[in-house]
Amino acid sequence: MTFESMTTSQPLDLASIRRDFPYLAQELNGFPLAYLDSGATAQRPVQVLDAERAFLEHANAAVHRGASTLVGTSTTAFEDARATVARFVGAGEREIVWAENATDAINIVALGMADAAAGLGGAEADVFRLGPGDEIVVTEAEHHANLIPWQRLAAKTGATLRWIPVDDDGTWNIDHAASVIGEKTRLVAFAHVSNVTGHVAPVTDVVELAHRHAALVVLDACQSVPHRPTDFAALGVDFAAFSAHKMLGPNGIGVLYGRAHLLDALPPARTGGSTITTVTMEAAEFLPSPQRFEAGTQPVSQAVGLAEAVRYLERLDMHRVHEHEVELAALMVDEVSRIPGVRLVGSGAGVERGALASVDVPGVHAHDVGQFLDSRGIAVRVGHHCAQPLHRRLGLRATTRASAYVYTTADEVRRFTAALGEVRAFFGVTGASA
Amino acid sequence: MTFESMTTSQPLDLASIRRDFPYLAQELNGFPLAYLDSGATAQRPVQVLDAERAFLEHANAAVHRGASTLVGTSTTAFEDARATVARFVGAGEREIVWAENATDAINIVALGMADAAAGLGGAEADVFRLGPGDEIVVTEAEHHANLIPWQRLAAKTGATLRWIPVDDDGTWNIDHAASVIGEKTRLVAFAHVSNVTGHVAPVTDVVELAHRHAALVVLDACQSVPHRPTDFAALGVDFAAFSAHKMLGPNGIGVLYGRAHLLDALPPARTGGSTITTVTMEAAEFLPSPQRFEAGTQPVSQAVGLAEAVRYLERLDMHRVHEHEVELAALMVDEVSRIPGVRLVGSGAGVERGALASVDVPGVHAHDVGQFLDSRGIAVRVGHHCAQPLHRRLGLRATTRASAYVYTTADEVRRFTAALGEVRAFFGVTGASA
Amino acid sequence: MSDLSGLYQELILDHSKRRVGDGALADPHASHHELNPTCGDEITLGLRLDASGTKVEAVGWQGDGCSISMASASALTELVVGSDVAHVRELIDGFRSMLRSQGAGEPDEDLLGDAIAFHGVSKYVMRVKCAMLSWVALEACLNAAVAAAGAAHAVPAGVTDASAPTPSEQA
Amino acid sequence: MSDLSGLYQELILDHSKRRVGDGALADPHASHHELNPTCGDEITLGLRLDASGTKVEAVGWQGDGCSISMASASALTELVVGSDVAHVRELIDGFRSMLRSQGAGEPDEDLLGDAIAFHGVSKYVMRVKCAMLSWVALEACLNAAVAAAGAAHAVPAGVTDASAPTPSEQA
Ligand SMILES: Cc1ncc(COP(=O)(O)O)c(C=O)c1O
Ligand SMILES: Cc1ncc(COP(=O)(O)O)c(C=O)c1O
Ligand code: FES
Ligand code: FES
């Protein structure tokens, strides 16, 4: 599979795209910046910056509070943004809840379930009540955001946390999942695309398996929604989470998707203004989804910015975005595999992966690798990428990760791999290698 | 006390301030906009908009993750913002935690305490453990954000929620507090300045009373920090919460203040990346404050914007901001009291209040009052202002609230009161009045 | 005063004071409680059909709210009492379309009669829900009463709560 | 290659391989574990004073980390073994000032000797903590050992954990 042979439609116009991103026109240490850390956070096009600014200069006001003309304008913009995001991921408007980030979105589910187990939420919250004997299933490859909230839920409810094991390359398949998911399973949480290995999970198979046991499915879609066409209804998951800042949108806003009847029954963990119908000194009654979860003043301009980011991606066409990244992923795997003394984490050539490559250079600490690349103008991520258990399983403490997005060029990927090839010599490491 | 006689120092230069706010130069229904809803959300000066945009175009990157030059730049900007906000409210840097908004900040405390009661957090979290027999004290005048989280904490722990009663005008004093706070009290939560009555709470007296019974004090500072010099260390409170969007800063970021040793011991309710030291599949260990609470990708550009808002306020000088608002508050009280058939909520002339006036026009629903004002270009807030119990106590369902800020002119206040004087005639309400 | 008189038409101000139908209905076939989360205002509307189950015999409501919501409930009562169930459904649809029009188009006066006075409300997004409150309650009652009548001729009143509208849907 | 050689001086690359002091110290008077949250790297450093309690007799450390952190622990060991406690405190202060300088000024070669090679690290905010890791551990050990010696001449090792630095403080 070569880089060129995969193109099936009109490719992205990279030169034109890059003109929209002021950040990318900068230099780093005397070199043109090669920003290869979009897996951590993406940069924003002027269209998104302009949309948020225009809103703030002309339309900003409280939303869902009061009844002034200004509130009407801001509320309409805010709810239109929700409708735009809903359409983008195959959801109904009431199925899109604004959170602070994806981490918060996952916590809304985990904390709501803990509240249900503590007796809140009435009979309709029964589906969320866990206790001793019940099992929560994650994978060994999860981001801490999709692991620790479930550890805490287990600790609070007495349920048991189990995990789908990964192979030596950090990936897993439906057989691994079937070895763990069973009749005690009440919830299965896993990443659609791994932020370390780029592994693409067999979502519909896991959903089928989980639903056969009446278990809920929570999908961490942080590394999928920004990069590939994603339809939660078609995937069949019960909940999903993603962040705006990884998809050209603002920080400070994430999205929780949930099936409407589940969201309406989930106790809101975070409470406050705008979430209620009637409040007495003794108790409060909550609105249905999404308002029951959006306590306090909402990230309004951020929702407007995110909607503009979605429109930007829709104009590019998510199918073409995906193809672009499939090509870059193949190029990464191909080039990294040729470098002596460098270990690529995850599957090798021929297996689809997200457009990212985490590597280990035995004998050189990841932070030193990253520093060397940095000196060449190449910005990558080093560390455990919030996946310590996966790194431990792979016998590693930290890796160096390059990750791509709509604006990433093949040339930038080649600069990364070329510099990577020089690391061992610079640090005086020689001899046999992994 | 007349409007003019209160000026004690160089007053704010309103004309120059208003030039910084593009939003305020707009028209509403054919009139120059009189934006009198800053108590709900304030508008942003270009300085804040520019600072956030410059950050996004040149310095945006993940923070506290990886080690690249870009991460160094963004992390430094992010932590400098924290230091700026800390200085503004008399706190240490480790005592400032970024939250989604003030509501979230209060929830971090309430949910952390629920987690402590559920057994998380080890021995150091003992100070936060409540159970049957323990009492949580709020006031009857609280915003839902500072009421419902405590109701939920009581429901989860078996503790009892009690409240400081208010007088017929909606205010309370230290005697009311002393009638409720006692040896069973473990926590007292109240607003520094009420968002409905403008009432200024006797903070240090309540702190003294609460601490005498070893109870924790949580201050809702949403309506104080933006409007008056505020020093949490001097006030002696244990926790406090406020929102950036009410003080010229961005949406999507709020602040939790807490005394360092308390924050280090409070279990983090929301968990995920960036909060931990060591994570295994079974358990996680958390960093000290503030990082233990900032799960997932932080509101980075928003922190930068908030810091710029703080610098803007510091340049104006918070003492002068406060004086400006004291004058506007006196003007509001004075003018509203002269309108026949209009009831002002809260204390009358001669008592300090925040620069806001909530009014009832018997016979005309608040939403109709607001609509009439709106047609005159005056944007106010109508409804229960997230304080249903207080409104019920006052025999009201909704009120019409005008609230001022640094850019509000006496002329705008007079337009509000003049239009208010016409409401009854427009809706054909006559006869004796409150 | 801009076009405020387009919102508060004489007929609306008048109905808001007359409040036709104000008061609990005895022996309703269905009754429904509806709340406007923006303001906290509530209305409980009761409906009785005639013996044949095809005509609205009586409507009564209790509630508290702004002039728009009170006038709307009053106008509704005047319009629907004595009408065929099928016609009432047309009225509900017509009223809702008018309120969602954001001020566009001409309302159907033949169908809606006096209720076209509420056309002006459609330009005020935050007030649409006020005008719809009683109509949403009526629709829920109608569904419940007809369902009950179908299941067992003349059952006791069913109290229902309509499912939530989408967040951007005002009514 | 920009000024990467200012960061990775020969002496640093060399120390990162030699690792003077690598290995657990037997019978330490104090031992301290320090973690760098950015990367998860850890070091445990042990300290033994001489009989008089005024001189550093031995240092040993175990840990895993980047070249900067390993080289720093190695250089530290060379510098402090055999030195007066008072002088070691000066060294710690001097090293910390140099690392906080953000590349400004000239480091004090008379005091710090070879350790001035770490001056270049101060320009890399995200790496300052790497160089400080072992020094923070050393400072904690010194405090604990001296306190223990004062309290009761020659007590068993106290294991301490220094309080957290402020978020913007790298060391
Ligand atoms: C007194 C008070 N407390 C809490 C809040 C909640 O603030 P936020 O909505 O920013 O979380 C507000 C503002 O709405 C307020 O005025
Ligand atoms: C797979 C995965 N899950 C969760 C997260 C957390 O996202 P956020 O930090 O935006 O909450 C990330 C990104 O850091 C991720 O890559
Ligand atoms: S304002 Fe409540 S129904 Fe109109
Ligand atoms: S990168 Fe971990 S100590 Fe340097």
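By convention in this document, chain letters (A, B, ...) are assigned in the order of the sequence lines, proteins followed by strands, and residues within each chain are numbered from 1.
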For this session: Let me know if B:E100 has heavy atoms under 4.5 Å from chain A in its side chain, its backbone, both or neither.
Result: both
Seminar exercise, completed: Cut-off 4.5 Å, heavy atoms of chain A, and the answer for B:T41 is side chain
Exercise. Contact part of A:A102 toward chain B, heavy-atom cut-off under 4.5 Å: side chain, backbone, both or neither?
Worked result: neither
Exercise. Side chains of A:N101 and B:T297: is there a donor and an acceptor less than 3.5 Å apart?
Worked result: no
Problem set entry | Flag for B:S301-A:N251: side-chain donor and acceptor within less than 3.5 Å | no
Exercise. Side chain, backbone, both or neither: which part of B:F21 has an atom under 4.5 Å from a heavy atom of chain A?
Worked result: neither
Problem set entry | Which atoms of B:T139 approach chain A - backbone, side chain, both or neither, heavy atom under 4.5 Å | backbone
Exercise. Under a 4.5 Å heavy-atom cut-off, does chain A meet the side chain of B:A387, its backbone, both or neither?
Worked result: neither
Problem set entry | A:N107 side chain vs B:R270 backbone, donor-acceptor pair below 3.5 Å | no
Exercise. In terms of heavy-atom proximity below 4.5 Å to chain A, should B:H245 be classed as side chain, backbone, both, or neither?
Worked result: side chain
Exercise. Do side-chain atoms of A:E57 reach the backbone of B:V46 as a donor and acceptor pair under 3.5 angstrom?
Worked result: no
Problem set entry | Heavy-atom donor-acceptor pair, A:Q388 side chain to B:T277 backbone, under 3.5 Å | yes
Problem set entry | Test item: B:Q151 side-chain N/O and A:T280 main-chain N/O as donor-acceptor pair under 3.5 Å | yes
Problem set entry | Minimum side-chain heavy-atom gap B:P267-A:R152 below 4.5 Å | yes
Seminar exercise, completed: In terms of heavy-atom pairs under 4.5 Å with chain A, the winner among B:G119, B:A145, B:A283 is B:A283
Exercise. Ignoring hydrogens and geometry, is there a side-chain-to-backbone donor-acceptor pair from A:R392 to B:V279 under 3.5 Å?
Worked result: yes
Exercise. With no hydrogens and no angle check, do the side chains of B:Q43 and A:N60 hold a donor and an acceptor under 3.5 Å apart?
Worked result: yes
For this session: Using a 4.5 Å cut-off on heavy atoms from C-beta on, say whether the side chain of A:D115 contacts that of B:K156.
Result: yes
Exercise. Checking heavy atoms, do the side chain of B:P268, its backbone, both or neither come under 4.5 Å from chain A?
Worked result: both
Exercise. Heavy atoms, side chains only, cut-off 4.5 Å: are B:L70 and A:L33 in contact?
Worked result: yes
For this session: Please look at B:T278 and chain A and tell me whether the side chain, the backbone, both or neither of the residue comes under 4.5 angstrom of a heavy atom of that chain.
Result: both
Problem set entry | Heavy-atom side-chain proximity of B:V138 to A:M281 below 4.5 angstrom | yes
Seminar exercise, completed: The interface call for B:L56 against chain A, heavy-atom contacts under 4.5 Å, is both
Exercise. Would you say the side chain of A:I148 lies within less than 4.5 Å of the side chain of B:I276, judging by non-hydrogen atoms?
Worked result: yes
Exercise. Which bit of B:D50 comes within less than 4.5 Å of chain A, counting heavy atoms only: side chain, backbone, both or neither?
Worked result: both
For this session: Find the distance between CG (A:L49) and CD (B:E52) and round it off to the nearest 0.5 Å.
Result: 9.0 Å
